[in-house]
Amino acid sequence: MSAPPSNAELVAAAARGDQPAWDRLVERYLPLVLAVAGRYRLSGRDTEDVSQTVWLRLVEHLGQIREPDALPRWLVTTTKHESLRVISAHRRTRPVDPLDSAELDSEQAADDLDEGILQDERRLALRAGLAELEPRHRELLLLLVADPPLSYVEIGSRLGMPVGSIGPTRARSLSRLRDTAALRGYLGSDEDLYPGTGDRLDHGTGRHGRMPS
């Protein structure tokens, strides 16, 4: 069975106008976009608008992407910004009751949402980074964070590894994990993906099902 195409391959093909490659990108990351938007409790229509805008923004910048492995991080950030823009627009069009505790708690709720999204983003980056590692390094790191915890004796027995070598191998495995494309993309800035991502997002229209011509 052949390995699935990498982000770099899909982005390059989609930038050339390859519709199947674009469809694969959408299929791969649409659940992530919807999950992030879902944290903001948007209506179905608003969620669809956010999703459409995110994919339109991606189409606009396909040819400028420098780090395809950082794409999930950019999608999370862009979806978050667009969701907040929609919420802000709604707040400007309805009166605010100063005695409404929900309004008074809104800043704390936004902080909680931000933290949840950051946790999802970290998990996604770690999962992608682990997938890039050699099996022995990946298996060691996963056993080291097993729940319930395993002793070094148990880990060594499972991996056929001397107990004394687990510590040094752990350090090498963590170093290689930090150096994976997924973690480099997560730890880098949005500007590493492509220039101009810091600009204020403008609301646009368009479907994510097909690439705009």
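This chain uses plain numbering: 1 for the first residue, then up along the sequence.
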Stepwise, does the salt bridge (Lys or Arg N to Asp or Glu O under 4.0 Å) test hold for Arg85 with Glu82? CA-CA 5 Å; Arg85 191 203 64 77; Glu82 181 59 22; 3.0 Å; yes

Glu60 and Arg57: side chain to side chain contact (heavy atoms under 4.5 Å, CB included), yes or no, with the steps? CA-CA 5 Å; Glu60 292 172 346; Arg57 295 284 288 177; 3.7 Å; yes

Residues Leu140, Arg136; criterion side chain to side chain contact (heavy atoms under 4.5 Å, CB included); working and verdict: CA-CA 6 Å; Leu140 174 60; Arg136 66 191 186 96; over 6 Å; no

Give the intermediate values and the outcome of side chain to side chain contact (heavy atoms under 4.5 Å, CB included) for residues Val86 and Asp49. CA-CA 9 Å; Val86 170; Asp49 286 345; 5.7 Å; no

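Considering every non-hydrogen atom in both Ile155 and Leu143, the closest pair reads CD1-O, 4.0 Å. Minimum interatomic distance between Leu42 and Asp46 (heavy atoms only, all atoms of both residues): CB-CB, 3.9 Å. For Trp55 against Val26, the heavy-atom pair with the smallest separation is CH2-CA, 3.8 Å. Contact record, Ala21 with Ala13: CB-CB, 3.5 Å, taken as the closest heavy-atom pair. Nearest heavy atoms, Leu25 versus Ala14: CD1-CB, 4.2 Å. The minimum heavy-atom distance linking Val36 with Lys80 is given by the pair CG1-N, 4.0 Å.
At distances below 3.5 Å, at least one donor-acceptor pair connects side-chain atoms of Thr180 with backbone N or O atoms of Leu177. Thr47 contributes a side-chain N or O that, together with a main-chain N or O of Ser43, makes up a donor-acceptor pair within less than 3.5 Å. Under the 3.5 Å distance criterion, the side-chain polar atoms of Thr169 are matched with a main-chain donor or acceptor of Ser165.
Rounded to the nearest 0.5 angstrom, Trp74 CH2 and His61 NE2 are separated by 6.5 Å. Separation of atoms CG (Leu56) and OG1 (Thr78) is listed at 11.5 Å; rounding is to 0.5 Å. Distance OG1/Thr79 to CG/Leu34: 8.5 Å, rounded to 0.5 Å. Here Asp18 contributes atom CG and Arg24 contributes atom CZ; the two are 11.0 Å apart, rounded to the nearest 0.5 Å.
Both Val153 and Leu150 belong to a common hydrophobic cluster when Ile, Leu, Val, Met, Phe, Trp and Tyr are linked at side-chain heavy-atom distances under 4.5 angstrom.
Residues satisfying the salt bridge (Lys or Arg N to Asp or Glu O under 4.0 Å) test with Arg176, not counting sequence neighbours, are Glu134. Under the side chain to side chain contact (heavy atoms under 4.5 Å, CB included) criterion, Ala8 pairs with Ser6, Pro68, sequence neighbours left out. Residues satisfying the salt bridge (Lys or Arg N to Asp or Glu O under 4.0 Å) criterion with Arg28, sequence neighbours excluded, are absent altogether. In this view, Ser173 and His137 satisfy the side-chain hydrogen bond (donor to acceptor under 3.5 Å, both in side chains) rule, not counting sequence neighbours. By the side chain to side chain contact (heavy atoms under 4.5 Å, CB included) test, Ala12 is found to be paired with Arg16, residues two or more places apart in sequence or in another chain being considered. Applying the side-chain hydrogen bond (donor to acceptor under 3.5 Å, both in side chains) test to Arg41 and every residue at least two apart in sequence or in another chain returns nothing. Partners of Pro135 according to the side chain to side chain contact (heavy atoms under 4.5 Å, CB included) rule, which considers only residues two or more places apart in sequence or in another chain, are Arg138, Glu139.
Screening Leu62, Val11, Leu10 for a side chain to side chain contact (heavy atoms under 4.5 Å, CB included) involving Trp22 leaves a single residue, Leu62.
The shortest side-chain heavy-atom distance between Leu58 and Tyr29 does not fall under the 4.5 Å cut-off. The closest side-chain heavy-atom distance from Tyr40 to Val50 is not below 4.5 Å.
For residues 142-157, the side-chain hydrogen bond (donor to acceptor under 3.5 Å, both in side chains) pairs, not counting sequence neighbours, are Ser151-Glu154.
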